[in-house]
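Structure first, then comments.
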Number of protein chains: 2
Amino acid sequence: MNRHVEHHAEDADVLVGRAIQELRAHGERVTAGRRRILQLLAAHAEHLTADDVAARTDDDGVHRATVYRSLELFAATGIVAHRQLPGGATAYHLATSTHLHGHCVVCQKVIALPSDVFDDAADRMLRQRGFAFDPNRSSIMGTCDSCRAASSLSAEE
Amino acid sequence: MNRHVEHHAEDADVLVGRAIQELRAHGERVTAGRRRILQLLAAHAEHLTADDVAARTDDDGVHRATVYRSLELFAATGIVAHRQLPGGATAYHLATSTHLHGHCVVCQKVIALPSDVFDDAADRMLRQRGFAFDPNRSSIMGTCDSCRAASSLSAEE
DNA sequence: TTATGTGCAAACTGTTTGCGCGAAG
DNA sequence: CTTCGCGCAAACAGTTTGCACATAA
């Protein structure tokens, strides 16, 4: 019953495979360096700094610059999510399918919001207040695109 | 009826005054530079980069280093909130009393979460999906400190 | 074979720090 | 008067970029 609780080493290959497919689907080349970086990200499901990754790939002959370029590419293709850390560093992790529901208080429409948007906030809530945010069970209130446009016709700047 | 809609120049002095009191309350000195920086933050209720502030104070003889040191101090004393931008810069604004409710899915307890935690996320949702997040009307789901501790006794790592 | 990725080294942005002078309390 | 903040200039961390060579497709 607790068979699929193990998010450890075995799954990593699967995740890497999926990421590589995604990469090919975007017409990007699969190189040794990129594979290596994806392996690292898959292994450390948590956050890894670009610099962290660079440090670990250096031994394997993958250059810092390559790491930065690859991570940027992965982020652009949606393969990884990224997040800014205090101090200016950027943390990366494989993108998951997690998403959050935005609920428009005007038209009641529900909007799917991208997964990585709340990573940073979730992290800080956990650290500062011990609250473990669960995006999949949450929906947040606000105003959607069109209702926002509509309301700005009748009111304040 | 629309008298207090104006969040423009007039209020700024009040906000600065409040910030300065707060500063004194923390036993910190009030200098020309600090006053100037607070004025800037009060004037631009949105985000201002440390670098932005530095650029604008340079003319007034307030040095870059002073700006960084002051902003760091303000953040430490809770007078301003800060947020990391892509590219490594940090955006600052006067702290408000805005907060969000965290709802524990286990014990149903509601927890007040600090305001600035969501600045980043709100910004990205607005940009990426046109969704204007309203923290004051939202409560998000998750697990609180104690329930999290309790559940980790019976399950995964 | 050819377009694309890589290593290298140098530049760049944003931020931090040690020092002696100057001002706030 | 004494403690703390400031300007200055130099160092630092993280990241980006132009170029010639290497390699995936």
Side-chain angles (χ1 to χ4, degrees), chain A residues 16-17 19-40 47-77 79-80 82-92 120, chain B residues 16-17 19-41 47-77 79-80 82-93 120:
Chain A
V16 171
I20 288 179
Q21 276 186 23
E22 195 72 22
L23 207 51
R24 287 217 160 88
H26 281 269
E28 296 292 342
R29 293 190 180 175
V30 177
T31 69
R34 291 181 177 180
R35 201 174 264 126
R36 183 84 196 87
I37 295 167
L38 288 172
Q39 280 171 6
L40 281 170
H47 50 274
L48 270 190
T49 299
D51 212 74
D52 282 344
V53 176
R56 289 165 214 240
T57 54
D58 211 24
D59 313 312
D60 299 302
V62 181
H63 196 270
R64 273 195 127 64
T66 301
V67 171
Y68 280 95
R69 282 190 276 231
S70 300
L71 289 173
E72 189 190 7
L73 172 72
F74 296 163
T77 48
I79 292 173
V80 306
H82 58 295
R83 162 168 73 99
Q84 298 301 131
L85 301 178
T90 314
Y92 295 85
D120 174 47
Chain B
V16 171
I20 287 178
Q21 275 186 23
E22 194 73 22
L23 207 51
R24 286 217 163 86
H26 282 269
E28 297 292 341
R29 292 190 181 174
V30 177
T31 69
R34 291 181 177 180
R35 203 175 263 126
R36 183 83 195 88
I37 295 167
L38 288 172
Q39 280 170 5
L40 281 170
L41 292 177
H47 50 273
L48 271 190
T49 298
D51 211 74
D52 282 343
V53 177
R56 289 163 212 240
T57 54
D58 211 24
D59 314 312
D60 299 302
V62 181
H63 196 271
R64 273 195 126 62
T66 302
V67 171
Y68 281 96
R69 282 189 275 231
S70 299
L71 289 173
E72 188 190 7
L73 171 72
F74 296 163
T77 47
I79 292 174
V80 306
H82 58 297
R83 161 169 72 100
Q84 298 301 131
L85 301 178
T90 314
Y92 295 84
H93 64 81
D120 174 45

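Below, each value reflects all heavy atoms present in this structure, side chains not excepted, and no hydrogens, waters or symmetry copies. Chain naming here is simple, since letters A, B, ... match the order of the sequence lines and numbering starts at 1 in each.
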Between [N] ([atom2]) and [X] ([atom1]): distance, integer Å:
X: B/Arg83; N: C/dG14; atom1: CZ; atom2: C1'; answer: 16 Å
X: A/Leu85; N: D/dT15; atom1: CG; atom2: C1'; answer: 14 Å
X: A/Ile37; N: C/dG5; atom1: CD1; atom2: C1'; answer: 11 Å
X: A/His63; N: D/dA22; atom1: NE2; atom2: P; answer: 16 Å
X: B/His26; N: D/dC4; atom1: NE2; atom2: P; answer: 17 Å
X: A/Leu71; N: C/dG5; atom1: CG; atom2: P; answer: 15 Å
X: B/Asp60; N: D/dC6; atom1: CG; atom2: P; answer: 14 Å

Point to revise | Side chain B/Arg83, main chain B/Thr90, donor-acceptor under 3.5 Å | key: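 Side chain of B/Arg83 to backbone of B/Thr90, a donor-acceptor pair under 3.5 Å: no, none is there.
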[X] side, atom [atom1]; [Y] side, atom [atom2] - distance, nearest 0.5 Å:
X: B/Arg69; Y: B/Arg34; atom1: CZ; atom2: CZ; result: 10.0 Å
X: A/Leu85; Y: A/His82; atom1: CG; atom2: NE2; result: 11.5 Å
X: A/His63; Y: A/Asp58; atom1: NE2; atom2: CG; result: 7.0 Å

Can you see which heavy atom on [X] is nearest to which on [Y], and at what distance?
X: A/Thr66; Y: A/Ile37; value: O-CD1, 4.4 Å
X: B/Leu38; Y: B/Phe74; value: CD2-CE1, 3.6 Å
X: B/Val53; Y: B/Val67; value: CG1-CG1, 3.7 Å

Check your understanding: Which parts of nucleotides 15-25 of chain C does protein reach within less than 4.0 Å, heavy atoms only, written one letter per nucleotide 5' to 3' as B for base, S for sugar-phosphate only and - for none?
Key -> BBBB----BBS
**Study point:** side chain to side chain contact (heavy atoms under 4.5 Å, CB included) involving B/Thr77 - partner list, sequence neighbours excluded
**Key:** B/His26, B/Leu73, B/Ile79
Point to revise | Inter-axis angle, terminal five-pair segments of the helix from C/dT1-D/dA25 to C/dG25-D/dC1 [nearest 10°] | key: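 The angle, to the nearest 10 degrees, is 50°.
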